[in-house]
J.: 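What follows is a structure written as structure tokens; I'll ask about it next.
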Amino acid sequence: MRNETIRPYIRQFYRGNWSLLTLAMIQTVLLTASNLMISWLIQQIIDLTTGANTGFTLVQLVLLTVAALILEVLAYLFAWASKPAFIAKGIGQYKEYVFNQLCRKGISAFSGENSSLYISAMSNDAASIETNYLSNIFVIADSIMVCLGALCLMFCYSPLLTLISIGLSVLPLLASIFTGEAAASAEKRVSDRNASYTTTLKDSLTGFSVIKSFRAEAQICRIFAQKVREVSAAQCARKKISILVNMLATLSGSIVQFGVFLIGAGLVLSGSALSAGTVLVFVQLLNFVIQPVSSIPRALAECASARALIQKAADALSENIREEGTAAKATLETGITVRELSFSYEPSKPILRQMDVTFEAGKSYAIVGASGSGKSTLLNLLMASDPGYSGSICFDDTELRTIRDDALYEMVSVIQQNVFIFNASIRDNITMFSSFPEEEVNRAIRLSGLSSLIEARREDYLCGENGSGLSGGEKQRISIARSLLRRSQVLLVDEATAALDAQTVFQVSDAILHLDGLTRIVVTHTLDAALLKQYDCILTLKNGRIEEQGLFDELMEQKGYFYSLYTVSQ
């Protein structure tokens with residue numbers, strides 16, 4: 001079953017890549033033929049110089065040598081034209097596929113996931129997969145081809161010495177088998193340590209302002225140093241194992257070479273039909289057997305470790321995927337109806353409890369309540385973040401679980417507290433890198449209140465990393481413009497003004513309230529009477545339930561829970 005999950009990922013290495021792979025395999029055949037021909041020529045030249053009758057003149061052997069060298073050059077030209085291109089295209093398609101699968105996740109997938117895992121999967125792990133899987137495809141093919149060719153040629157020279165060579169070759173084979181698993185385990189440890197290191201680095205950069213304000217530099221440096229040491233230790237262990245693997249391979253190979261050479265010398269001295277040239281060429285051909293025997297198990301172990309990294313990415317990418325619905329709902333006509341909605345992240349800790357509410361199309365709603373009352377959870381569920389709720393959420397008469405993602409996100413957009421701004425122009429951040437008619441872009445800029453910013457800095461102004469060149473209010477206005485440009489029918493706003501100053505809070509909130517034709521559902525902590533009076537309805541949440549709902553003046557007259565919240569906030 002696990003093989004099935006990684007099959008689509010492995011398929012990316014070969015998609016549209018078979019012609020390059022075929023050229024690379026032709027190179028393997030040509031190089032094998034060249035190497036064997038050169039070994040045969042060495043035997044012929046040695047025997048000719050010792051006076052043996054080879055059936056060839058020196059001139060003929062020179063011409064055959066030139067032909068072998070031309071064949072070798074052709075082989076490397078085929079490799080130059082095919083192998084780098086095959087590997088580059090294969091790993092590129094793999095990365096694109098991983099990113100496309102990542103984009104299938106739900107809108108709030110990373111609230112409970114470690115994004116560093118995916119950074120590692122597409123950087124360190126991808127580099128390891130390129131080396132240990134794609135490059136080893138050719139190592140294995142070359143090794144098998146040259147090993148079989150060498151054994152056939154050796155058998156033609158001397159079946160007895162060939163059998164002795166095969167018997168002695170068990171030594172490097174055993175050495176490779178015993179060390180291959182250790183090498184794969186070491187590679188996996190390096191991957192895990194790199195992922196942890198990347199997480200710490202990302203947290204340190206993202207939370208840099210917090211680190212500075214709490215003067216936690218020494219503590220963070222200590223943690224970072226520990227992660228660096230863990231990565232270094234894992235890499236050191238991997239290199240040590242690599243040295244041991246090479247030592248065992250070299251030692252066992254030398255034993256085989258000297259064994260064949262000495263046994264062959266004994267056969268020559270005993271009056272065997274073997275010539276000195278045959279014994280020397282056997283040692284030469286034996287290299288073509290020993291090297292594959294030692295490299296194939298190691299290459300297979302490295303391929304297995306690469307597949308483990310692919311499996312790791314595939315498992316992570318299979319989580320938090322919203323199942324595609326069937327309904328292609330495009331418009332909201334009457335509203336959103338929530339009935340008996342209950343939800344919990346943990347069975348013993350319910351967040352929402354039997355909630356009933358109707359959001360009428362085109363109206364504005366404020367959701368208020370203490371921290372932990374379920375405000376943000378309700379908005380997340382409206383964006384189909386988790387299908388594991390009980391009860392129903394219907395857009396008109398269509399249950400949310402049955403609506404396709406593309407249709408849902410066409411209808412609904414969200415503005416969150418932390419608006420992400422790409423390191424691109426203001427226009428690209430508004431259009432999200434898509435093309436729109438100029439009049440529509442200008443309309444979104446005007447209604448979102450971005451006109452003054454555009455006049456001051458122009459549309460092509462580079463916003464900086466995560467909008468470092470913009471104020472909080474300007475970022476929020478860009479987020480509003482994005483929603484307007486997409487002509488979303490439902491706008492969800494989650495604590496969008498929490499980090500803004502009072503004046504900017506009023507400006508952004510007032511801009512949202514004056515967006516006609518949209519159903520606006522706003523989670524807010526700002527209890528400002530001038531703003532709250534503009535909402536068509538205020539919902540007050542307490543312990544996952546709607547405690548009160550109504551207009552601002554009605555709720556104040558009731559002097560209930562909302563009245564208490566408002567009074568305390570003033």
J.: Would you please indicate yes or no on a ring centroid separation below 6.0 angstrom for Y133 and F13?
T.: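 Yes, they do, as the ring centres are separated by less than 6.0 Å.
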J.: Whether the side chain of T402 engages the backbone of E399 through a donor-acceptor N/O pair (distance < 3.5 Å, no angle test) should be reported.
T.: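 Indeed, once roles are kept as given, a pair shorter than 3.5 Å links the two residues.
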J.: Counting heavy atoms not belonging to Q558, are there more than 12 under 6.0 Å from its CD?
T.: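 Atom CD in Q558 is packed in, count exceeds 12.
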J.: Which residues satisfy the ring pair (Phe, Tyr, Trp, His ring centres under 6.0 Å) test with F436, sequence neighbours excluded?
T.: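 Applying ring pair (Phe, Tyr, Trp, His ring centres under 6.0 Å) to F436 gives none.
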J.: Y345: which residues meet the ring pair (Phe, Tyr, Trp, His ring centres under 6.0 Å) condition with it, sequence neighbours left out?
T.: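 F343.
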J.: Could you tell me whether the side chain of I546 reaches within less than 4.5 Å of the side chain of T540, counting heavy atoms only?
T.: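 Result no, sub-4.5 Å side-chain heavy-atom pair not found.
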J.: What side chain to side chain donor-acceptor pair (under 3.5 Å) pairs are there with at least one residue in residues 545-555, not counting sequence neighbours?
T.: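 Side chain to side chain donor-acceptor pair (under 3.5 Å) check on residues 545-555 returns no pairs.
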J.: If I compare all heavy atoms of R193 with all of V231, which pair ends up nearest, and what's the gap?
T.: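 What the structure gives for the nearest pair is O-CG2, 3.4 Å.
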J.: Could you walk me through whether N136 and E302 pass the side-chain hydrogen bond (donor to acceptor under 3.5 Å, both in side chains) test, one step at a time?
T.: CA-CA 8 Å; N136 272 332; E302 289 174 350; 2.7 Å; yes
J.: OG of S452 to CD1 of I445: how many Å apart, nearest 0.5 Å?
T.: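 Reported to 0.5 Å precision, the distance equals 11.0 Å.
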J.: Under the salt bridge (charged side-chain N to carboxylate O under 4.0 Å, His left out) rule, what pairs show up with a residue in residues 357-371, not counting sequence neighbours?
T.: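 Qualifying pairs: E360-K363.
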J.: Take V368 and L539 through the test side chain to side chain contact (heavy atoms under 4.5 Å, CB included) and record every step on the way to the result.
T.: CA-CA 6 Å; V368 301; L539 305 176; over 6 Å; no
J.: Restricting to non-hydrogen atoms, name the atom on I426 and the atom on R458 that form the minimum distance, rounded to 0.1 Å.
T.: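 Reported closest heavy-atom pair: CD1-O, 3.7 Å.
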J.: K312 side chain to A121 main-chain N or O, any donor-acceptor pair under 3.5 Å?
T.: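 No; zero donor-acceptor contacts below 3.5 Å.
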J.: Indicate the atoms forming the closest heavy-atom contact of Q354 with S342, along with that distance.
T.: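 The pair with the smallest heavy-atom distance is N-OG, 2.9 Å.
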J.: By ring pair (Phe, Tyr, Trp, His ring centres under 6.0 Å), which residues pair with F224, not counting sequence neighbours?
T.: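 Counting only residues at least two positions away or on another chain, F224 forms a ring pair (Phe, Tyr, Trp, His ring centres under 6.0 Å) with Y197.
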J.: Measure the spacing between CD of E410 and CD of Q489 and express it to the nearest 0.5 Å.
T.: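 E410 CD to Q489 CD: 8.5 Å, rounded to 0.5 Å.
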J.: Applying ring pair (Phe, Tyr, Trp, His ring centres under 6.0 Å), which residue pairs with at least one partner in residues 363-391 are found, sequence neighbours left out?
T.: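 Non-adjacent pairs meeting ring pair (Phe, Tyr, Trp, His ring centres under 6.0 Å): F359-Y365.
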J.: In terms of the angle between their ring planes, are F420 and F422 parallel, tilted or perpendicular, with boundaries placed at 30° and 60°?
T.: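 Perpendicular: the ring planes of F420 and F422 meet at over 60°.
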J.: Looking at residues at least two apart in the chain, or sitting in another chain, which of them share a salt bridge (charged side-chain N to carboxylate O under 4.0 Å, His left out) with E438?
T.: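 So E438 forms a salt bridge (charged side-chain N to carboxylate O under 4.0 Å, His left out) with R427.
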J.: Test side chain to side chain contact (heavy atoms under 4.5 Å, CB included) on D510 and Q534; report intermediate values, then the result.
T.: CA-CA 9 Å; D510 190 63; Q534 298 183 56; 3.5 Å; yes
J.: Please walk me through it: do E340 and S390 pass side-chain hydrogen bond (donor to acceptor under 3.5 Å, both in side chains)?
T.: CA-CA 7 Å; E340 298 183 359; S390 61; over 6 Å; no
J.: Compare all side-chain heavy atoms of I367 with those of L379 and state whether any distance is below 4.5 angstrom.
T.: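 Side-chain contact under 4.5 Å: yes.
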J.: Kindly indicate, with the supporting measurements, whether the criterion side chain to side chain contact (heavy atoms under 4.5 Å, CB included) is fulfilled by L352 and L381.
T.: CA-CA 10 Å; L352 301 180; L381 292 180; 3.7 Å; yes
J.: I'd like to know if the side chain of T337 reaches the main chain of T358, judged simply by a donor and an acceptor atom lying under 3.5 Å from each other, with no hydrogens or angles considered.
T.: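 Not confirmed, T337 side chain does not pair with T358 backbone.
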J.: Apply side-chain hydrogen bond (donor to acceptor under 3.5 Å, both in side chains) to residues N194 and S120 and explain how you reach the verdict.
T.: CA-CA 7 Å; N194 269 325; S120 180; over 6 Å; no
J.: Taking the six-membered ring for Trp, are the ring centroids of Y563 and Y561 within less than 6.0 Å of each other?
T.: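 Not under 6.0 Å, so no.
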J.: I'd like to check the salt bridge (charged side-chain N to carboxylate O under 4.0 Å, His left out) partners of R482; sequence neighbours left out, ordered by chain and number.
T.: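 R482 satisfies salt bridge (charged side-chain N to carboxylate O under 4.0 Å, His left out) with no residue once adjacent residues are dropped.
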J.: Indicate yes or no for a side-chain donor-acceptor contact from Q476 to the backbone of G472 under 3.5 Å, with no hydrogens or angles considered.
T.: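 A pair under 3.5 Å: no.
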J.: Testing the basics here: between S305 and N132, what is the closest heavy-atom pair and its distance to 0.1 Å?
T.: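 For S305 versus N132, the nearest heavy atoms are OG-ND2, 4.0 Å.
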J.: To the nearest 0.5 Å, how far apart are CG in D125 and CD1 in I129?
T.: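 Rounded to the nearest 0.5 Å, the CG-CD1 separation comes to 6.0 Å.
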J.: Please examine the side chains of T524 and S509, heavy atoms only from C-beta on, and report whether any two atoms are closer than 4.5 Å.
T.: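 S509 vs T524: side chains apart.
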J.: Determine yes or no for a side-chain-to-main-chain donor-acceptor pair under 3.5 angstrom, with S488 supplying the side chain and L491 the backbone.
T.: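 Here the side-chain-to-backbone pair does not exist.
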J.: Is there a donor-acceptor contact under 3.5 Å from the side chain of K375 to the main chain of A370?
T.: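 Checking the backbone N and O of A370 against the side chain of K375, a donor-acceptor pair under 3.5 Å is found.
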J.: Mind checking what makes ring pair (Phe, Tyr, Trp, His ring centres under 6.0 Å) contact with F562, not counting sequence neighbours?
T.: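 Counting only residues at least two positions away or on another chain, F562 forms a ring pair (Phe, Tyr, Trp, His ring centres under 6.0 Å) with F552.
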J.: Within this structure, what is the SG-CD distance for the pair C463 and E474, rounded to the nearest 0.5 Å?
T.: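 Output value for this atom pair is 9.0 Å.
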J.: Not counting sequence neighbours, which residues clear side-chain hydrogen bond (donor to acceptor under 3.5 Å, both in side chains) with E230? List them please.
T.: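 Listed in chain order: Q226.
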J.: Over all heavy atoms of both residues, which pair between A126 and I91 is shortest? Give the atoms and the distance, please.
T.: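 Of all heavy-atom pairs spanning A126 and I91, the closest is O-CD1, 3.5 Å.
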J.: Give a yes or no on whether R339 atom CZ has more than 12 heavy-atom contacts from other residues, nucleotides or ligands under 6.0 Å away.
T.: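 Correct, the count exceeds 12.
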J.: Would Q12 and R15 count as having a side-chain donor-acceptor pair, cut-off 3.5 Å?
T.: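 On atom types as modelled, these side chains qualify, holding a pair under 3.5 Å.
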J.: So does T334 get a backbone contact from the side chain of D396, meaning a donor-acceptor N/O pair under 3.5 Å?
T.: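 The answer is yes, because a donor-acceptor pair under 3.5 Å joins these two groups.
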J.: What pairs of residues pass the salt bridge (charged side-chain N to carboxylate O under 4.0 Å, His left out) test when at least one of them lies in residues 439-449, not counting sequence neighbours?
T.: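 Sorted result for residues 439-449: empty, none.
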J.: Going by salt bridge (charged side-chain N to carboxylate O under 4.0 Å, His left out), name the residues that satisfy it together with K475, two or more places apart in sequence or in a different chain.
T.: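 Here no residue qualifies.
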J.: Run the side chain to side chain contact (heavy atoms under 4.5 Å, CB included) check on L551 and Y535 step by step: do they pass?
T.: CA-CA 7 Å; L551 297 172; Y535 285 96; over 6 Å; no
J.: Say you draw a straight line from CD1 of I480 to OG of S448; how long is it, rounded to the nearest 0.5 Å?
T.: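 Taking CD1 in I480 and OG in S448, the distance rounds to 6.5 Å.
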J.: Please check this pair: side chain of S364 against backbone of D536, looking for a donor-acceptor N/O pair closer than 3.5 Å.
T.: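 Yes; at least one donor-acceptor contact below 3.5 Å.
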J.: Please report the closest heavy-atom contact between G90 and L134, naming both atoms and the distance.
T.: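 Heavy atoms of G90 and L134 come nearest at C-CD1, 4.3 Å.
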J.: Look at the side chain of S232 and the backbone N and O of V228, then say whether any donor-acceptor pair between them is shorter than 3.5 Å.
T.: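 Judged by distance alone, yes, a pair lies under 3.5 Å.
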J.: Nearest 0.5 Å, please: how far is CG in L408 from OG1 in T398?
T.: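 Here the interatomic distance stands at 11.5 Å.
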J.: Indicate whether the side chain of D460 and that of S425 have a donor and an acceptor atom separated by less than 3.5 Å.
T.: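 Side-chain D/A pair, D460 to S425: absent.
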J.: Is the backbone of D315 close enough, under 3.5 Å, to the side chain of S318 for a donor and an acceptor to pair up by distance?
T.: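 At least one qualifying donor-acceptor pair exists.
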